Amino acid sequence: MTIILPVLADQLSLDLASLKAVDRADAVILMAEVMGEAGAPKHHKTKIAFLFSAMRHHADALREQGWRVDYVALDDPENSQSLGGEVDRAKARHNADRVVSVEAGCWRLIEAQRSWGEVLSDDRFLVSRAWFADWAEGRKRLLMEDFYRLMRKRTGLLMDGDQPTGGQWNFDADNRKPPAKGLVYPAPPQFQPDDTTEAVLALVEARFGDHFGDLRPFARAVTREQALVCLADFVETRLARFGDYQDAMVAGEDGMFHSQLSALINCGLLGPMEVCQAAEAAWTAGVVPLNAVEGFIRQIIGWREYVRGIHWIAGPDYESRNVLGAARPLPSFYWTGETEMRCMAEAVRATKQNAHAHHIQRLMVLANFALLAGIDPAEVSAWFLIVYADAYEWVETPNVIGMGLFADGGLMASKPYAAGGAYINRMSDYCRGCAYDVKKRTGEGACPFNSLYWDFLARNRDRLGRNHRLLRMYDGWDRFDPAEQARIQAQAAGFLATL
Ligand code: SF4
């Protein structure tokens with residue numbers, strides 16, 4: 001009896017649930033590069049190259065452990081170019097009568113997996129889908145902070161008995177420093193592509209050349225060993241300052257003190273607990289401050305697990321939610337970066353070059369602009385899924401639909417993350433070199449974020465006006481005299497007409 005174990009591109013872990021569930025002698029691991037996943041939607045070139053290269057290296061690592069691996073390359077002439085087609089072909093090739101897979105991170109694939117055979121829970125996450133659904137059941141508000149505290153207790157991370165280390169659960173208030181002069185941002189490790197990666201880069205150039213994004217230089221980690229080097233480097237060189245400056249943005253400094261480990265964690269080359277334990281160990285050793293370690297661990301055991309839970313309880317229609325009725329098409333500068341708004345141009349440039357931008361660039365620049373301008377959430381969501389190497393539906397959809405665009409009406413966030421130019425000016429150096437004047441609300445050269453911010457509040461008053469967390473903002477709007485309100489709205493309309 002042969003059992004086929006399909007391993008998906010984001011399941012590159014040697015302790016995947018399906019590998020623990022069967023006898024190695026009976027199993028054939030199936031890995032397949034298919035156009036059905038890489039080509040639709042048209043993912044960033046670097047994202048495809050990263051995943052194909054990591055998959056090929058992972059297949060080698062599995063073989064070294066004694067697994068039989070059936071690897072179907074993209075240009076295999078027999079490749080059906082769909083995962084379902086490859087499972088069927090593998091069953092026939094190996095005369096297999098059983099398929100055991102681990103649940104994928106999107107509704108579309110999970111439905112397909114059920115037709116293949118058994119689907120196991122993905123125990124690389126710290127809580128199961130069922131556990132999260134139980135936690136959410138009957139709650140009036142699904143507060144991340146409540147979930148996070150529970151996760152601290154469950155994992156024991158940064159706990160002294162049943163109390164949080166340092167007497168505080170959350171040091172977020174300490175973690176909002178603007179960029180300081182004279183800071184040096186250590187670059188993360190760069191890896192010379194080996195023959196396997198070079199072959200993948202040539203393949204991506206040939207087959208996905210019209211996709212968004214730069215492919216070279218390509219210096220990403222693509223193996224477990226390289227991923228561990230990245231983790232150690234982050235803890236050693238950037239974690240100490242991550243907390244203080246995690247919300248700061250500096251032109252030309254794409255990584256700053258961020259870990260940039262998300263793509264490695266989300267594809268399985270690093271585990272969530274091991275990265276948290278590495279950070280906690282640095283705190284225990286006294287080499288990094290508590291606010292940095294707590295802020296980092298909160299991203300992993302808090303936000304990461306929480307958004308995944310939200311994705312599954314929200315259901316397959318979550319991506320189509322649009323409670324604010326935003327309908328504007330995605331402006332072309334999300335692809336080209338050609339805009340005089342320096343903050344947007346910088347965030348798109350970083351995205352194009354690296355298939356990565358840090359969370360404040362994503363949330364407070366790219367998503368914030370889309371929120372204020374009333375861009376169709378489905379288009380924004382599709383863009384985020386395409387352009388980031390760490391993006392899969394389970395993580396991208398809640399972050400964009402819920403957190404970034406408030407299109408779910410507040411399932412995730414208690415208020416929209418809307419901000420005018422003042423926020424971006426406070427947290428970055430972008431405005432100093434911008435063609436627009438961040439201090440101006442209206443008139444020639446006024447920063448578009450300013451009029452769009454007020455216009456967003458005014459045009460969504462029916463929906464948002466009673467939100468107690470926005471009352472102060474609506475008070476601000478009401479203090480403008482009607483003539484100024486009319487000028488602001490005309491300014492916003494004039495700008496939107498240029499998109
Ligand atoms: Fe962005 Fe406005 Fe600042 Fe220009 S002035 S960088 S558009 S926030």
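Numbering of ligands and ligand atoms starts at 1, following listing order. Worth saying up front: this structure is predicted, and the values here are computed from it rather than measured. All values below come from the heavy atoms of this structure, side chains included, with hydrogens, waters and symmetry mates left out.
- For atom 3 (Fe) of ligand 1, the closest non-hydrogen atom on the protein side is Cys431 SG, 2.3 Å.
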(request) Start with the C-alpha gap between Asp10 and Asn266, add the side-chain angles, then the distance that decides, and say whether side-chain hydrogen bond (donor to acceptor under 3.5 Å, both in side chains) holds. (result) CA-CA 6 Å; Asp10 60 346; Asn266 291 353; over 6 Å; no
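- The cationic group of Arg308 does not satisfy the cation-pi geometry with Phe132, failing either the under 6.0 Å distance to the six-membered ring centre or the 45° limit from the ring axis.
- For the residue pair Ser381/Glu319, the side-chain donor-acceptor check at 3.5 Å is satisfied.
- For the 3.5 Å distance criterion, the side chains of Thr442 and Arg487 fail to qualify, holding no donor opposite an acceptor.
- Close approach of ligand 1 to Tyr436 is summarised as follows: ligand atoms under 4.0 Å from at least one heavy atom of the residue are 5 (S).
- Donor-acceptor pairing under 3.5 Å is recorded for the side chains of Thr197 and Asp194.
- At a heavy-atom distance under 4.0 Å, only side-chain atoms of Cys434, from C-beta outward, approach ligand 1.
- The shortest contact between atom 2 (Fe) of ligand 1 and any protein heavy atom is with Cys447 SG, 2.3 Å.
- Remark: ligand 1 atoms within the under-4.0 Å shell around heavy atoms of Val438 are 5 (S).
- In the vicinity of Met341, heavy-atom distances shorter than 4.0 Å reach the ligand 1 atoms 7 (S).
- A donor atom on one side chain and an acceptor atom on the other are found under 3.5 Å apart for Tyr318 and Asp408.
- At the shortest separation from atom 1 (Fe) of ligand 1 among protein heavy atoms lies Cys343 SG, 2.4 Å.
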